[in-house]
Engineer: 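Structure incoming, see below.
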Amino acid sequence: MQVQAAVLDAPKAPLRIETLELEAPRDREIRVRVVATGVCHTDISVIGRPFPVDQPIVLGHEGAGVVESVGRAVTKVKVGDRVVLSYNFCGECPSCQRHAPSYCQYFFGTNFLGQRRDGSTALSRRGQPVRHHFFGQSSFATHCLCTEHNVVKVPDWVPDHLLELLGPLGCGIQTGAGAVINVLRPQLGESVVVFGAGAVGMAGLMAARAVGAGTLIAVDRVPERLALARELGATHTLLADGSTDVVASIREITGGGADCSLDTTAVSAVLRQALDCLGPLGRCGFVGGAPVGATLEVDVRDMMLNGKTLRGIVEGDTNADTFIPHLLRLQAQGRFPFEKLMKIYTFESINDAIADSLAGLTVKPVLRMPR
């Protein structure tokens, strides 16, 4: 079938919306009509870096939509089901078998290469292959193919009008919320510091508030984002413009050091601040796509004597099938208002949405697809 998709022809090039051909789903694949999709910094990083794109590719990995067709072996969803699309995994390796799919041994291949494991791709342009299956979906398109692994059925009680806002739950929102709820696990009244008040950081902040953390500190370079962080529950905000010693300020606010910190910036110097601001037995988690070869120098003596923990986190350590409905229940209770992070753009404005995200003007751009 013909679909409209935003194509990246070369690194750092603007995306162009074109008509492409999409294959019918294979036995275990699902075709989804995309209602809307989030724009994530992972997409932007692939566009902006010298990524080895030897063929054009369609990105996008925070899709939400409606199932239109299923392969004959699919049992998880049926035609007409509303779904959120999340990250992909193999389901067979030791990590997947241990119920840790975000650490799948084939995570890079199943999410970033833009092809099936057999090397094929479902999209083509004038008979030439276009890489598809980015995070198992390539949702910068009116329709996409996904798998049973990375499709999450939306509970029946969720209102239809909310569907276009649910895509970011599949990556950025679950990453931040899961990092706090599943990994850092702040206890009642503990202090949490979030470095980077983008969508991932804001999700972590809201999650910390929802589980009863006490002092909540947001650190960012954009004053408007800090204002939103206060609206979402931050008790303190720090502007990282170089005029303030961020670590000293956090130690003063928390009375000696924070219990938990989450770095969402993928900047090594900021991650070091997230470690240094911790008190005894503090836990630091970090997410985000640091450049290949990025390193971190730590004070080993400080880490040991204070019992600090440093933990890398992928996709919030989540099982999307259970965690996304959990976040939806929190949102319905008014305890996790993720909708406040989002701004809707038309699909045709995709490059504007990317520019606004990079400029800090929009926390989470969401592209509404044409019908």
Side-chain angles (χ1 to χ4, degrees), residues 3-6 22 25 29-40 42-43 58-70 76-88 111 132-178 199-200 203 315-316 318-332 336-347 349-350 353 357 362-371:
V3 303
Q4 297 294 303
L22 179 67
E29 292 181 335
I30 301 156
R31 189 177 77 224
V32 173
R33 175 178 62 81
V34 180
V35 170
T37 185
V39 176
C40 179
T42 301
D43 300 308
V58 174
L59 303 172
H61 66 285
E62 293 184 336
V66 180
V67 175
E68 277 197 345
S69 179
V70 298
K76 186 176 182 181
V77 293
K78 63 183 185 304
V79 173
D81 283 345
R82 302 171 303 165
V83 292
V84 172
L85 309 182
S86 190
Y87 64 91
N88 203 12
N111 287 281
H132 184 252
H133 313 288
F134 186 71
F135 274 71
Q137 54 184 283
S138 288
S139 55
F140 285 172
T142 55
H143 299 76
C144 68
L145 293 186
C146 60
T147 72
E148 284 192 295
H149 290 314
N150 71 310
V151 62
V152 179
K153 184 178 177 181
V154 176
D156 292 339
W157 53 265
V158 175
D160 284 338
H161 69 82
L162 199 61
L163 181 60
E164 68 178 8
L165 299 180
L166 300 188
L169 296 177
C171 185
I173 303 300
Q174 79 172 352
T175 293
V200 176
E315 294 288 348
T318 64
N319 177 331
D321 279 323
T322 57
F323 195 72
I324 288 176
H326 178 57
L327 294 181
L328 288 170
R329 287 190 291 272
L330 287 176
Q331 191 269 348
F336 193 77
F338 60 78
E339 70 279 1
K340 293 185 179 181
L341 307 179
M342 302 181 191
K343 179 180 177 181
I344 300 292
Y345 293 76
T346 64
F347 187 33
S349 301
I350 184 170
S357 181
T362 301
V363 175
K364 173 54 69 174
V366 174
L367 305 172
R368 179 184 287 144
M369 293 297 161
R371 291 294 302 270

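Throughout, numbering of the chain's residues begins at 1 and tracks the sequence.
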Engineer: Do Q174 and T318 pair up side chain to side chain, a donor and an acceptor below 3.5 Å, judged on atom types alone?
Structural biologist: yes
Engineer: Give the minimum heavy-atom separation between L327 and A177, together with the two atoms involved.
Structural biologist: CD2-CB, 3.9 Å
Engineer: Heavy-atom distance under 4.5 Å between the side chains of T362 and Y345, does that happen here?
Structural biologist: yes
Engineer: What do the steps show when you test F338 against L169 for side-chain contact (heavy atoms from CB on, under 4.5 Å), and what is the final call?
Structural biologist: CA-CA 9 Å; F338 60 78; L169 296 177; 4.0 Å; yes
Engineer: Do F140 and V39 have side-chain heavy atoms sitting under 4.5 Å apart?
Structural biologist: yes
Engineer: Run the side-chain contact (heavy atoms from CB on, under 4.5 Å) test on V83 and V152 for me, step by step, so that the C-alpha distance in whole Å, both residues' side-chain angles and the decisive distance to 0.1 Å come before the verdict.
Structural biologist: CA-CA 5 Å; V83 292; V152 179; over 6 Å; no
Engineer: I'd like to check R82 versus V67 (side-chain heavy atoms, cut-off strictly below 4.5 Å). Are they in contact?
Structural biologist: no
Engineer: Using every non-hydrogen atom in the two residues, find where D43 and G38 come nearest and quote the distance to one decimal.
Structural biologist: OD2-O, 4.2 Å
Engineer: Do H143 and V34 come within less than 4.5 Å of each other through their side chains, counting heavy atoms only?
Structural biologist: no
Engineer: Where do V151 and D321 come nearest, in terms of heavy atoms and distance?
Structural biologist: O-OD1, 3.5 Å
Engineer: N150 side chain to S86 main-chain N or O, any donor-acceptor pair under 3.5 Å?
Structural biologist: yes
Engineer: State the CG-CD distance between L165 and Q331, to the nearest 0.5 angstrom.
Structural biologist: 8.5 Å
Engineer: Could you go through the side-chain contact (heavy atoms from CB on, under 4.5 Å) check for V154 and L166 one step at a time?
Structural biologist: CA-CA 9 Å; V154 176; L166 300 188; 4.0 Å; yes
Engineer: Would you compute the distance between atom CG of L59 and atom CZ of F135 and round it to the nearest 0.5 angstrom?
Structural biologist: 10.0 Å
Engineer: Please walk me through it: do E62 and T37 pass side-chain hydrogen bond (donor to acceptor under 3.5 Å, both in side chains)?
Structural biologist: CA-CA 5 Å; E62 293 184 336; T37 185; over 6 Å; no
Engineer: Does G63 offer a backbone N or O that forms a donor-acceptor pair with the side chain of Q137 under 3.5 Å?
Structural biologist: yes
Engineer: For the atom pair CG (L85) and SG (C171), what is the distance rounded to the nearest 0.5 Å?
Structural biologist: 12.0 Å
Engineer: Taking all atoms of both residues into account, what is the closest heavy-atom pair of A353 and L367, and its distance?
Structural biologist: CB-CD2, 4.0 Å
Engineer: Evaluate the criterion side-chain contact (heavy atoms from CB on, under 4.5 Å) for residue pair K364 and K340; output intermediate values, then yes/no.
Structural biologist: CA-CA 9 Å; K364 173 54 69 174; K340 293 185 179 181; over 6 Å; no
Engineer: Run the salt bridge (charged side-chain N to carboxylate O under 4.0 Å, His left out) check on D81 and K76 step by step: do they pass?
Structural biologist: CA-CA 10 Å; D81 283 345; K76 186 176 182 181; over 6 Å; no
Engineer: Would you mind reporting whether H132 and L145 have side-chain heavy atoms less than 4.5 Å apart?
Structural biologist: yes
Engineer: Quick one: does R31's side chain have a donor or acceptor within less than 3.5 Å of a partner on C146's backbone?
Structural biologist: no
Engineer: Looking at S138 and V58, what are the two nearest heavy atoms and their distance?
Structural biologist: OG-O, 2.6 Å
Engineer: Do T346 and M369 come close enough that some side-chain heavy atom pair is under 4.5 Å?
Structural biologist: no
Engineer: Quick check: do I30 and T147 have side-chain heavy atoms less than 4.5 Å from each other?
Structural biologist: no
Engineer: Heavy atoms only: give me the nearest T42-H61 pair and the separation to one decimal.
Structural biologist: CB-CE1, 3.6 Å
Engineer: Is there a side-chain contact between R368 and V366, using heavy atoms and a 4.5 Å cut-off?
Structural biologist: no
